[in-house]
Asker: 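The following block contains the structure, expressed as structure tokens.
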Amino acid sequence: MRTPVVLSLVGIAFLGLPVLAPAYYVTLMLPFMAYGVVLLGLNLLFGYTGLVSFGHALFIGIGAYTGAVLTTHLGVRHMELILPAAALAAAVVAAPVGALCVRYVKIYFGMLTLAFGMVFYTFLLKFYKLTGGDEGMRMLRPYLLGSEWPGFSKTAYLIGPYYYFSLAVLVLATLLMWRIVRSPFGLCLKTIRDNPLKAESLGVSVPRYRWYAFMISAVYAGAGGALLATPTGNVDPTLAYWTHSGNIVFMVLLGGFSSFFGPLLGAFAFIFLQDTVMSVFPYWRLIFGAVLAFIVIFAPGGLMGLFARGRRPVEVSRA
Amino acid sequence: MLAVQEIDVFIHASHILRRVSLEVREREVVCLVGRNGAGKTTTLRTIMGYHRPRGGGIRFNDVPLHERRTHEIARLGLGFAPEESGIFPDLTVAENIEISTWTRPGGRPAAERLAAAYEIFPVLKQYGARKGPEMSGGERKMLSIARALALDPDMLLLDEPFEGLSPAIVPTVAAGLNEITQRGHAILIAESNIYHVPDFATRLYVIERGEIIFAGRPDDVRKDAAALRAIGGHA
């Protein structure tokens with residue numbers, strides 16, 4: 001009963017934000033929405049299938065570099081083409097990488113994804129001619145709905161058309177993911193997370209379903225990566241670095257992986273918390289480390305778990 | 001229908017099953033009786049593909065099972081209800097039963113299969129939207145059997161369906177199993193308590209220390225002193 005009310009209020013706030021809030025805060029919403037798309041996918045793997053990837057920045061990197069290569073080298077400027085291309089590129093890489101990784105679980109899966117992420121990071125860094133090395137590449141302002149929006153300054157473009165475009169992508173990605181987790185496929189993923197051996201005896205092909213989940217999460221990360229590149233205007237190898245993978249796992253934990261909207265809340269909290277802490281205290285990672293420790297020990301359900309407390313207990317595995 | 005032929009199974013270095021053979025024919029209810037640790041669960045888990053026999057073979061409707069993976073074996077029509085029930089806590093009772101209709105589509109329509117499963121244990125209907133952890137042990141057993149049944153299997157493998165149940169609920173489960181056999185499914189039951197062997201069981205195997213020491217009709221086991229000693233029954 002409460003959820004539709006909260007969602008409509010959030011929706012109205014999002015629509016009105018560019019008009020009401022200072023431009024600075026509106027620009028902070030852009031990475032939030034890009035990460036939102038990434039995290040919806042990551043949580044299909046993490047929260048729903050029970051696999052923690054420490055290399056998912058690999059796919060953010062692929063999506064972002066796809067956008068940069070398309071806009072600067074190939075003259076493709078339409079965001080409506082860039083997003084599917086980024087998603088496709090991520091899927092092409094995720095197919096073999098995922099097929100290898102899903103044969104392992106727990107720490108082995110995490111380490112293997114980390115290794116693949118670092119391989120790609122090194123590739124970006126060392127193949128200077130192709131990728132621009134540590135300087136990266138420019139991501140030119142993409143066309144939205146077929147228009148370059150010529151009358152808009154960079155900021156006006158970002159907090160106007162690009163904001164609403166990102167919002168539309170996030171909403172579509174959310175609706176699609178909602179359908180996925182509620183489908184028989186999504187429920188089979190939960191059975192794999194809860195008890196893979198038992199799921200198999202009911203006819204669930206565990207490695208295949210894990211692979212599907214991996215592919216879907218990579219596609220989401222690719223699209224999110226392309227979305228993330230525009231506000232920065234530049235892509236560089238740190239997008240694929242392992243600390244970036246760590247950050248998105250942190251966002252999921254912060255928001256709460258056992259809830260559908262938890263990761264979105266986590267992305268939001270992470271970005272605004274980072275902005276606030278960085279402005280008053282240079283050692284923001286120190287604060288974030290403490291926050292992470294606090295969450296794992298006292299609020300394993302994340303922020304969403306705190307809000308939902310009393311409604312549904314969050315079950316924590318210490319195993 | 002199911003033929004286990006002289007399988008040898010090792011778990012790590014331990015020789016758990018020694019040349020175990022057993023057979024389940026169409027519409028039969030076969031009980032595999034033995035003490036805890038005798039090898040009942042290992043036998044069922046080997047049939048389901050969790051363990052690979054080092055020697056011998058398993059055939060189900062003339063398909064060699066010992067080369068297949070677990071989910072393929074399930075889709076061939078073997079419904080497995082393990083000892084610990086294996087209810088998925090995050091799924092509702094209805095979803096727990098529905099899984100089987102998604103993983104093995106084809107054959108009879110899903111609605112018909114679900115109706116058949118609920119008909120055996122009508123009590124489950126009232127739990128529809130509840131989640132697994134809110135159920136009692138007996139209800140979980142029933143849910144586990146109903147879920148295996150919704151797979152529309154030719155044969156059910158039930159590991160200790162009566163274990164840990166209150167005496168009041170044992171007849172309910174037994175009646176459900178009887179009803180299942182009336183519909184033409186074969187059943188292989190692993191059971192540690194001879195007194196739980198239902199009277200509609202057609203044949204009985206006694207397993208002790210990984211070996212089959214008796215095979216025959218349930219009435220005949222009472223004449224076999226060694227078998228009777230192994231399962232702790234009174235003559």
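Nothing here was measured: the structure is a model prediction, and the numbers come from that model. Computation of the quantities below employed the complete heavy-atom set of this structure, encompassing side-chain atoms and omitting hydrogens, waters and symmetry-equivalent molecules. Sequence lines set the chain letters: A, B, ... in the order given, protein chains first and strands last, and positions in each chain run from 1.
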Asker: Does atom CZ (Arg108(B)) have a neighbourhood of more than 12 heavy atoms from anything else shown, all under 6.0 Å?
Answerer: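 Enclosed: over 12 neighbouring heavy atoms sit under 6.0 Å from CZ of Arg108(B).
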Asker: Distance check, rounded to the nearest 0.5 Å: Ile87(B) atom CD1 versus Lys198(A) atom NZ?
Answerer: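 With rounding to 0.5 Å, CD1 (Ile87(B)) is 7.5 Å from NZ (Lys198(A)).
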Asker: In terms of heavy-atom contacts, does CZ of Arg52(B) have more than 12 from other residues, nucleotides or ligands at under 6.0 Å?
Answerer: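 Yes, CZ of Arg52(B) has more than 12 neighbouring heavy atoms, counting only those of other groups under 6.0 Å.
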Asker: Can you give me the closest heavy-atom contact between Val204(A) and His71(B), atom names plus distance?
Answerer: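 Minimum heavy-atom contact is O-CB, 3.3 Å.
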Asker: Under 4.5 Å heavy-atom distance to chain A, tell me which part of Ser85(B) shows up: side chain, backbone, both or neither.
Answerer: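 For Ser85(B), the contact with chain A is made by the backbone alone.
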Asker: What's the shortest heavy-atom distance between Asp194(A) and Pro89(B), and which atoms?
Answerer: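 Looks like OD2-CD, 3.5 Å.
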Asker: For Tyr50(B), check ring-ring contact (aromatic ring centres under 6.0 Å, His included) against everything at least two apart and list the hits.
Answerer: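 Here no residue qualifies.
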Asker: Could you pull out all residues at least two apart from Phe268(A) that satisfy ring-ring contact (aromatic ring centres under 6.0 Å, His included)?
Answerer: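 If we apply the ring-ring contact (aromatic ring centres under 6.0 Å, His included) test to Phe268(A), skipping adjacent residues, the hits are Phe32(A), Phe272(A).
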Asker: Write out, in numerical order, the residues from residues 205-218 of chain A with a heavy atom short of 4.5 Å from a heavy atom in chain B.
Answerer: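 Heavy-atom contacts from residues 205-218 of chain A to chain B are Ser205(A), Pro207(A).
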Asker: Can you name the nearest heavy-atom pair linking Ala74(B) to Gly203(A), along with the distance?
Answerer: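 Answer, listing the atom of Ala74(B) first, then Gly203(A): CB-N, 3.5 Å.
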Asker: Of all heavy-atom pairs between Thr103(B) and Leu202(A), which one has the smallest distance, and what is that distance?
Answerer: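 Result for this residue pair: OG1-O, 2.6 Å.
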Asker: Measuring from atom OG1 of Thr191(A) to atom CZ of Phe88(B), what distance do you get when rounded to the nearest 0.5 angstrom?
Answerer: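 With rounding to 0.5 Å, OG1 (Thr191(A)) is 4.5 Å from CZ (Phe88(B)).
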Asker: Please output the residues of residues 108-116 of chain A in contact with chain B, using a heavy-atom cutoff of under 4.5 Å, in numerical order.
Answerer: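 Residues qualifying by a heavy atom under 4.5 Å from chain B are absent, so none.
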Asker: Just wondering, more than 12 heavy atoms not from Trp242(A) lying within 6.0 Å of its CH2?
Answerer: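 Counting neighbours around CH2 of Trp242(A), 12 or fewer heavy atoms of other residues, nucleotides or ligands fall under 6.0 Å, so no.
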Asker: Among Arg147(B), Glu84(B), Arg69(B), which has the most heavy-atom pairs under 4.5 Å with chain A?
Answerer: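 Highest number of heavy-atom pairs under 4.5 Å: Arg147(B).
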Asker: Please report the C-alpha distance between Glu98(B) and Leu187(A) in whole Å, then the side-chain angles of each, then the deciding distance to 0.1 Å, and finally whether the side chain to side chain contact (heavy atoms under 4.5 Å, CB included) criterion is met.
Answerer: CA-CA 10 Å; Glu98(B) 276 168 36; Leu187(A) 293 168; over 6 Å; no
Asker: Just how far is it from atom CG of Leu44(B) to atom OG of Ser201(A), taken to the nearest 0.5 Å?
Answerer: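 Going from CG on Leu44(B) over to OG on Ser201(A), the span is 11.5 Å.
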Asker: Count the heavy-atom pairs under 4.5 Å between each of Thr101(B), Leu151(B), Leu91(B) and chain A, then report the option with the highest count.
Answerer: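 So the answer, after comparing Thr101(B), Leu151(B), Leu91(B), is Leu91(B).
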Asker: Identify the two heavy atoms, one from Asp90(B) and one from Lys190(A), that lie closest to each other, and give their separation to 0.1 Å.
Answerer: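 The pair with the smallest heavy-atom distance is O-NZ, 4.0 Å.
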Asker: Using heavy-atom distances under 4.5 Å, tell me whether Ile73(B) contacts chain A through its side chain, its backbone, both, or neither.
Answerer: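 When you check distances to chain A, no heavy atom of Ile73(B) falls under 4.5 Å.
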